[in-house]
Novice: 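Submitted below is the structure of interest, expressed as structure tokens.
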Amino acid sequence: MTSVTQRNSGLVQRRTEASRGDRERAAEGQNEEREREELEEEDRAGDKEARLTLMEEVLLLGLKDREGYTSFWNDCISAGLRGCMLIELAFRGRVTLEAGGMRRKSLLARKVICKSDAPTGDVMLDEALKHIKETPTPETVQSWIELLSGETWNPLKLHFQLRNVRERLAKNLVEKGVLTTEKQNFLLFDMTTHPLTNNNIKQRLIKKVQEAVLDKWVKDPHRMDKRLLALIYLAHSSDVIENAFAPLLDDQYDLAMKRVRQLLDLDPEVEAMKPNANEILWAVVATFTK
């Protein structure tokens, strides 16, 4: 009688475990299906805006819609775009920082190393990656921003400069249907300009930046999307974030700038040591904020 009871209880237990396993598998299947549907929906709704690089997003924020060029007085965007390139390469798994070592070297003292030289599909990113891989002596993040911008006194390193970056990025945005190309006469010279042709994409970009520091604000930067966090930092470093906040009401503008300042007041060295932090991102932040 006892053995029968034990067999029955064992049978019930196995059936219970089997049914629990079926429920778990069903739930996993539903989750996978839901994730697949969300990705398909993003692909349909995301348009080409979802495929813009950090560099293109920062340039788009800086461009005057009708005139099609950035402010002549903006001398920050050049370095900012090079910072975007390093972060974009890091997000794509191509570069990282050397190990900090036992003495824990600072972010600005650590060298950038190439993790993978696989093509990214972006000509300028591949050009920057080639320089990083082939340099005889590794350089720091700050040095690479200067070298890629051409801001070096060493004539032997001038070949690292990436030329015509803004024009090349604008042409990328033309190919993606965001901008168009025109010629404008400025009395003494003619200049190629790239006025905005797809306002929806720029407005979505502006709304994304605004919501990140207003309606969808989270105090912990590590809970923010890394790409969006990088965009806010680099838009500020490139002196174009004001363009995203210009349409806001005074109270909203003040709150948005207050929260941007909260991000700027963070210590990159501390943030880089937290789980899942991207060290290149925080090294670029340190370069522009210290």
Side-chain angles (χ1 to χ4, degrees), residues 52-63 69-98 107-115 117 119-135 137-173 194 226-241 243 264 268 272 278-290:
L52 298 187
T53 63
L54 272 176
M55 303 91 70
E56 291 164 352
E57 288 181 325
V58 168
L59 181 69
L60 188 56
L61 287 176
L63 279 174
Y69 52 83
T70 56
S71 170
F72 292 126
W73 310 110
N74 188 338
D75 57 356
C76 302
I77 195 169
S78 177
L81 291 173
R82 272 66 174 188
C84 288
M85 291 180 190
L86 294 177
I87 294 175
E88 190 74 56
L89 286 171
F91 284 167
R92 299 184 186 208
R94 300 305 195 276
V95 298
T96 187
L97 289 184
E98 65 179 349
L107 292 171
L108 295 180
R110 293 162 65 186
K111 311 293 186 182
V112 178
I113 57 175
C114 178
K115 282 176 63 178
D117 61 354
T120 64
D122 184 285
V123 175
M124 274 185 291
L125 288 179
D126 289 341
E127 194 176 332
L129 181 61
K130 184 173 182 287
H131 286 322
I132 293 171
K133 181 193 174 190
E134 295 181 354
T135 183
T137 55
E139 303 281 355
T140 63
V141 163
Q142 184 171 357
S143 293
W144 273 120
I145 290 174
E146 293 171 353
L147 291 171
L148 295 174
S149 302
E151 297 176 0
T152 175
W153 293 101
N154 188 341
L156 298 178
K157 294 186 176 182
L158 284 174
H159 67 283
F160 288 132
Q161 180 182 5
L162 297 184
R163 300 182 184 277
N164 304 317
V165 167
R166 271 178 269 192
E167 178 64 20
R168 292 162 71 183
L169 288 173
K171 287 181 178 178
N172 288 349
L173 290 169
H194 300 282
K226 284 188 176 67
R227 184 172 288 274
L228 182 53
L229 179 65
L231 175 59
I232 293 171
Y233 272 118
L234 270 299
H236 181 274
S237 302
S238 303
D239 199 18
V240 300
I241 202 164
N243 297 347
L264 296 172
N278 187 295
E279 291 185 322
I280 291 280
L281 164 59
W282 291 109
V284 171
V285 171
T287 298
F288 288 117
T289 58
K290 289 198 170 183

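By convention here, the first residue in the shown sequence is residue 1.
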Novice: What's the shortest heavy-atom distance between Val285 and Pro268, and which atoms?
Specialist: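 So the minimum-distance heavy-atom pair works out to CG1-CG, 4.1 Å.
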
Novice: Which of these passes side-chain contact (heavy atoms from CB on, under 4.5 Å) with Thr287: Leu86, Leu108, Leu107?
Specialist: Leu108

Novice: I need the Leu264 CG to Phe288 CZ distance, nearest 0.5 Å.
Specialist: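 Spacing of CG (Leu264) from CZ (Phe288) equals 12.0 Å.
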
Novice: Would you check if the side chain of Arg94 reaches a backbone N or O of Pro119 as a donor-acceptor pair within less than 3.5 Å?
Specialist: yes

Novice: How many angstroms lie between CG in Leu63 and CZ in Arg166, if you round to the nearest 0.5 Å?
Specialist: 9.5 Å

Novice: Atom CG in Asn243, atom OG1 in Thr70: separation rounded to 0.5 Å?
Specialist: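 Interatomic distance, Asn243 CG to Thr70 OG1, rounded to 0.5 Å: 10.0 Å.
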
Novice: About how many Å separate CZ of Phe160 and CD of Glu134, when rounded to the nearest 0.5 Å?
Specialist: 9.0 Å

Novice: Under a 4.5 Å cut-off applied to non-hydrogen side-chain atoms, are Glu88 and Arg227 in contact?
Specialist: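 In short, these two side chains touch, coming nearer than 4.5 Å.
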
Novice: Indicate the atoms forming the closest heavy-atom contact of Cys114 with Asp117, along with that distance.
Specialist: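 Minimum heavy-atom separation between Cys114 and Asp117: SG-N, 4.1 Å.
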
Novice: One pair to check against salt bridge (charged side-chain N to carboxylate O under 4.0 Å, His left out): Glu127 and Arg168. What are the steps and the verdict?
Specialist: CA-CA 13 Å; Glu127 194 176 332; Arg168 292 162 71 183; 2.8 Å; yes

Novice: Taking Asn74 for its side chain and Ile77 for its backbone only, find out whether a donor-acceptor pair lies under 3.5 Å.
Specialist: yes

Novice: Between Lys157 and Glu139, does any side-chain N to carboxylate O distance fall below 4.0 Å?
Specialist: yes

Novice: How close do Cys84 and Met55 get, counting heavy atoms only, and between which atoms?
Specialist: CB-CG, 3.6 Å

Novice: So, for Phe91 and Leu54, which heavy atoms are closest and what is the spacing to 0.1 Å?
Specialist: CE1-CD1, 4.1 Å

Novice: If you take all heavy atoms of Ala79 and Ser149, which pair is closest and at what distance?
Specialist: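 Here Ala79 and Ser149 meet closest at CA-OG, 3.8 Å.
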
Novice: So, do Leu52 and Leu173 sit near enough that their side-chain heavy atoms are less than 4.5 Å apart?
Specialist: yes

Novice: Would you list the atom pairs, donor with acceptor, under 3.5 Å between side chains in residues 230-239 and any protein atom, with sequence neighbours excluded?
Specialist:
from	atom 1	to	atom 2	distance (Å)
Tyr233	OH	Leu263	O	2.6
Ser237	OG	Tyr233	O	3.0
Ser238	OG	Leu234	O	2.8

Novice: Hey, could you give me the CD/CG distance between Glu167 and Leu169, rounded to the nearest 0.5 Å?
Specialist: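 These two atoms lie 9.5 Å from each other.
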
Novice: State, with a plain yes or no, whether a side-chain heavy atom of Trp144 is found less than 4.5 Å away from one of Met85.
Specialist: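 The answer is no; the side chains never approach within 4.5 Å.
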
Novice: Indicate the atoms forming the closest heavy-atom contact of Ala283 with Leu97, along with that distance.
Specialist: CB-CD1, 4.1 Å

Novice: Any side-chain heavy atom of Arg82 sitting closer than 4.5 Å to one from Val165?
Specialist: yes

Novice: Below 4.5 Å, heavy atoms only, C-beta onward: do Asn172 and Met124 meet side chain to side chain?
Specialist: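 Yes - at least one pair of side-chain heavy atoms lies under 4.5 Å apart.
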
Novice: Within the side chain of Arg92, is there an N or O that forms a donor-acceptor pair under 3.5 Å with the backbone of Thr120?
Specialist: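 Looks like yes, one N/O pair under 3.5 Å.
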
Novice: Are Val58 and Leu81 side-chain neighbours, meaning at least one heavy-atom pair lies under 4.5 Å?
Specialist: yes

Novice: Quick check for you: to the nearest 0.5 Å, what is the distance between Ile280 atom CD1 and Leu89 atom CG?
Specialist: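 Rounded to the nearest 0.5 Å, the CD1-CG separation comes to 8.5 Å.
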
Novice: Quick check on Lys290: does its NZ atom have over 12 non-hydrogen neighbours (other residues, nucleotides or ligands) under 6.0 Å away?
Specialist: yes

